[in-house]
Amino acid sequence: MGSPDPPAELRPSNSDDERDESRLAQFGYKQELKRDWGLAHNFGVSFSIISVITGLTTLFSFGLATGGPGVMSIGWIVVSFFTILVATAMAEIVSAIPTSGGPYFWSAMLAPPRWSPFAAWLTGWFNLLGQVAVTTGITFGLANLIPTAILVKNPDFVATPGITIGIYAAILFSHGIVNSFGVQTLRYLNNVSIVLHSAGVTALCIAVLAKAPTHQPASFVFSTFIDGTGVDGDGWSIRASPAYVVVCGSLMAQFTLTGFDASAHLSEETRKASWSAPIGVVSSVGFSALFGFFVLMAFLFSIQDLEATLNSAYKQPVLQIFVDIAGEDGALVMFSLIMICIWHCGLFSMTSNSRMMFAFARDGGIHPFFHKVDERFRSPIRAVWLAAILSFILALPSLGSSVAFAAATSIATIGLYISYGLPILIGLIWHKEFSTMKGPFNLGVFSRPIAAVACLWVGFITVVFCLPTANPVTSQTLNYTVVAVGIIAIFAVGSWAVWARHWFTGPSAEVAEAMRLGVDVTEPGALEEREKQEGGLKLVGGNTAEPPSE
């Protein structure tokens with residue numbers, strides 16, 4: 001006699017998978033990617049890409065020179081607050097429209113029919129630029145840290161730009177291989193990444209605080225201002241004002257808290273996507289903001305000699321802090337943990353990047369050649385290597401510019417946040433239509449105020465992160481962020497006006513109309529019937545009569 005069946009709530013069910021696939025079908029797509037990620041995995045990808053240890057380590061030198069500890073600490077709190085608002089506004093849209101396309105698809109669904117294709121085109125290109133730049137910023141940052149670590153035991157080693165680019169190419173290649181042929185492995189690496197970024201980094205910070213011979217006072221951490229923006233003389237606090245340095249210095253925090261749209265791009269591989277994906281977006285930002293503040297405090301309070309840290313022989317203040325505290329051998333162990341975390345961060349950045357390109361190609365934004373899932377490995381391999389190649393190209397200016405890395409981080413921040421802000425702004429303007437689409441994550445009366453503040457913040461950082469951060473401005477110190485972002489803006493608008501508007505329709509117009517009317521497009525005749533009802537109501541309204549009663 002067989003054992004009795006377990007209670008229904010404990011039995012595995014395919015109903016969630018069926019609902020997810022049905023929801024995806026309403027957007028006009030079939031299930032091509034394997035849907036086997038849960039909420040923890042979805043959160044983990046965004047948490048790994050945000051990777052506070054990555055942003056803080058790679059931009060710590062920039063932060064110390066552009067405002068110092070006071071701007072780094074207070075700036076982190078301010079930036080975290082506004083970023084959580086952006087993430088919350090995004091999460092409401094993710095819940096309504098959980099697809100791999102992310103921001104560009106949201107813009108298409110939320111915009112009026114006349115503007116839907118253009119909104120998708122513009123948002124898609126900014127998101128693509130931001131995705132590529134994020135991968136560049138993360139992986140190129142790691143490529144710079146590896147030669148820095150070598151210097152600890154080999155002080156005569158010289159890391160030429162060519163060597164750094166070679167290391168960068170090798171890291172990108174490793175990420176491409178894993179993303180191409182190890183989709184199953186990604187889930188396990190995701191778990192490893194979560195442990196490393198949480199438990200591992202926590203242990204590291206506790207060790208730093210415990211081992212530090214002395215600790216800086218709170219006045220040092222929260223009020224010390226440093227202007228190291230002057231290359232050959234006065235910095236921007238003299239030429240302009242201290243406020244200029246403060247807003248530029250906030251780049252460290254804003255770049256770190258970037259990339260959480262990964263939870264949206266992975267939504268077609270996530271179970272219960274309408275709930276798991278938005279929770280992944282918000283929780284990854286919230287947890288990263290708190291955790292990042294703890295890491296930042298551990299580093300700032302443990303600085304032993306500010307002058308020596310600023311002018312480190314390794315040109316890497318975090319490594320200098322470790323050496324001052326634990327000696328060379330102990331510092332290398334700590335620094336190795338950080339580099340492993342950054343490798344995982346870059347890996348999942350490419351994962352998110354490739355999913356966006358896959359979806360954009362599916363809707364005609366880039367060549368359909370990149371809309372291909374390998375049947376054996378269940379991976380968009382062509383999109384993976386497109387992401388790798390574009391990320392490599394974006395780093396090439398580093399061969400001739402000393403500020404190329406900071407510019408890449410600015411490009412990533414601006415590109416992504418513009419792509420976040422556009423659908424939020426569209427949903428704010430046409431909020432009535434958005435209300436008919438909303439999913440289980442619904443902000444209710446707080447929806448529009450939060451969206452408005454999020455849009456204002458995106459507009460603010462778009463301007464300030466294009467400003468030059470080194471004085472005087474020369475060909476070597478120019479912030480070429482405005483050039484890269486400007487090229488994308490001109491290309492997107494110009495190409496639309498010249499030729500893309502004649503053929504790019506974005507996501508299905510029928511799907512967009514069904515979403516706006518709150519109709520299931522997979523239900524035969526439902527859209528046509530609703531359009532007839534809408535047409536009848538408009539006609540009656542035009543004759544100033546009352547709508548027909550039901």
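- Proximity of Ser219 to Ser223: side-chain heavy atoms (C-beta onward) are separated by under 4.5 Å at one or more points.
- Remark: Pro155 pairs with no residue by the side chain to side chain contact (heavy atoms under 4.5 Å, CB included) rule, at least two apart or across chains.
- Within a 6.0 Å sphere centred on CZ of Phe173, other residues, nucleotides and ligands contribute 12 heavy atoms or fewer.
- Screening residues 199-208 for side-chain hydrogen bond (donor to acceptor under 3.5 Å, both in side chains) gives no qualifying pairs among residues at least two apart or on separate chains.
- At least one side-chain heavy atom of Thr351 sits under 4.5 Å from a side-chain heavy atom of Leu186.
- Between Phe222 and Phe293, the angle of the ring planes lies from 30° to 60°, which puts this pair in the tilted group.
- With sequence neighbours excluded, the residues satisfying ring-ring contact (aromatic ring centres under 6.0 Å, His included) with Trp343 are His175.
- Pairing each heavy atom of Ala395 with each of Thr136, the nearest pair is CB-CG2, 3.9 Å.
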Item to check | Verdict with reasoning, Val384 to Phe358, per side chain to side chain contact (heavy atoms under 4.5 Å, CB included) | outcome: CA-CA 9 Å; Val384 167; Phe358 161 81; over 6 Å; no
Item to check | Intermediate values then yes/no, side chain to side chain contact (heavy atoms under 4.5 Å, CB included), Ile381 and Phe181 | outcome: CA-CA 8 Å; Ile381 293 178; Phe181 309 117; 4.0 Å; yes
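- Looking only at distances, a side-chain donor or acceptor of Trp76 sits under 3.5 Å from a matching main-chain atom of Ala289.
- Nearest heavy atom pair, residue Ile414 against residue Cys466, reads CD1-SG, 3.5 Å.
- Checked against side chain to side chain contact (heavy atoms under 4.5 Å, CB included), Val483 has the following partners two or more places apart in sequence or in another chain: Tyr480, Ile487.
- Legend: residues meeting side chain to side chain contact (heavy atoms under 4.5 Å, CB included) with Asp305, ordered by chain and number and at least two apart, are Glu307, Ala308.
- Looking only at side-chain heavy atoms (C-beta outward), Ile163 and Thr160 come within less than 4.5 Å of each other.
- Ser379 has its side chain out of reach of Val373: every pair of non-hydrogen atoms, C-beta onward, lies at least 4.5 Å apart.
- Side-chain atoms of Leu145 and Thr57, non-hydrogen and from C-beta on, do get closer than 4.5 Å to each other.
- A distance-only check finds no donor-acceptor pair linking the side chain of Arg239 to the backbone of Asp234 [under 3.5 Å].
- Between the side chain of Ser241 and the main chain of Ser237, no donor-acceptor pair closer than 3.5 Å is present.
- Between Trp236 and Thr66, every side-chain heavy-atom pair lies at or beyond the 4.5 Å cut-off.
- With values rounded to the nearest 0.5 angstrom, Phe299 atom CZ is found 5.0 Å from Cys205 atom SG.
- Between Phe291 and Phe47, the angle of the ring planes lies from 30° to 60°, which puts this pair in the tilted group.
- Nearest heavy-atom pair, Cys345 versus Thr54, reported as atom, atom and distance to 0.1 Å: CB-OG1, 3.7 Å.
- In this structure, CD1 on Ile340 lies 12.5 Å from CD1 on Ile53, to the nearest 0.5 angstrom.
- In summary, the side chains of Ser302 and His215 do not present any donor paired with an acceptor at a separation below 3.5 Å, with no hydrogens or angles considered.
- Taken to the nearest 0.5 Å, the OH atom of Tyr104 stands 6.5 Å off from the OG1 atom of Thr99.
- Counting only heavy atoms from C-beta outward, the side chains of Pro423 and Thr123 approach each other to under 4.5 Å.
- At least one donor-acceptor pair closer than 3.5 Å links the side chain of Asn479 to the backbone N or O of Thr481.
- Between the CG atom in Leu64 and the CE atom in Met252 there is a gap of 8.5 Å [rounded to 0.5 Å].
- Expressed to the nearest 0.5 Å, how far OG1 of Thr462 lies from CH2 of Trp457 amounts to 11.0 Å.
- Judged by distance alone, the side chains of Thr229 and Asn471 never bring a donor and an acceptor atom under 3.5 Å apart.
- Side-chain contact check for Val134 versus Asn353: every heavy-atom pair is 4.5 Å or farther apart.
- Scanning all heavy atoms of the two residues, the minimum distance from Phe255 to Ala412 falls at CE1-CB, 4.1 Å.
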Checklist entry - Can you check side chain to side chain contact (heavy atoms under 4.5 Å, CB included) on Phe220 and Leu306, steps first, answer last? => result CA-CA 10 Å; Phe220 168 86; Leu306 177 59; 3.7 Å; yes
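- Nearest heavy atom pair, residue Gly63 against residue Met72, reads C-SD, 3.6 Å.
- Under the side chain to side chain contact (heavy atoms under 4.5 Å, CB included) criterion, Ile366 pairs with Trp125, Leu128, Met357, Phe360, Ala361, Phe370, Leu386, sequence neighbours left out.
- The minimum heavy-atom distance linking Ala262 with Ser46 is given by the pair CB-OG, 3.7 Å.
- Of the possible donor and acceptor atoms, one in the side chain of Ser73 sits under 3.5 Å from a partner among the backbone N and O of Gly70.
- In this structure, a donor-acceptor pair under 3.5 Å is present between the side chains of Thr214 and Gln304.
- Remark: of the listed residues Val208, Val333, Leu332, Val208 is the sole one forming a side-chain contact (heavy atoms from CB on, under 4.5 Å) with Phe322.
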Next on the checklist: Checking Ser495 against Trp121 for the side-chain hydrogen bond (donor to acceptor under 3.5 Å, both in side chains) test, could you report, in this order, the C-alpha distance in whole Å, the side-chain angles of both residues, the deciding distance, and whether it holds?
Outcome noted: CA-CA 10 Å; Ser495 62; Trp121 179 261; 3.3 Å; yes
Checklist entry - Could you go step by step and tell me if Ser263 and Val94 meet the side chain to side chain contact (heavy atoms under 4.5 Å, CB included) rule? => result CA-CA 9 Å; Ser263 289; Val94 175; over 6 Å; no
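- Salt-bridge annotation for Lys153 and Asp329: present, with a side-chain N of the basic residue lying under 4.0 Å from a carboxylate O of the acidic one.
- For the atom pair Met350 CE and Ser174 OG, the distance stands at 8.0 Å (nearest 0.5 Å).
- Ring orientation note: the planes of Phe140 and Tyr168 are nearly perpendicular, at an angle over 60° on the 30°/60° scale.
- At a cut-off of 3.5 Å, with distance as the only test, a side-chain donor of Gln131 or Asp261 sits close to an acceptor on the other residue.
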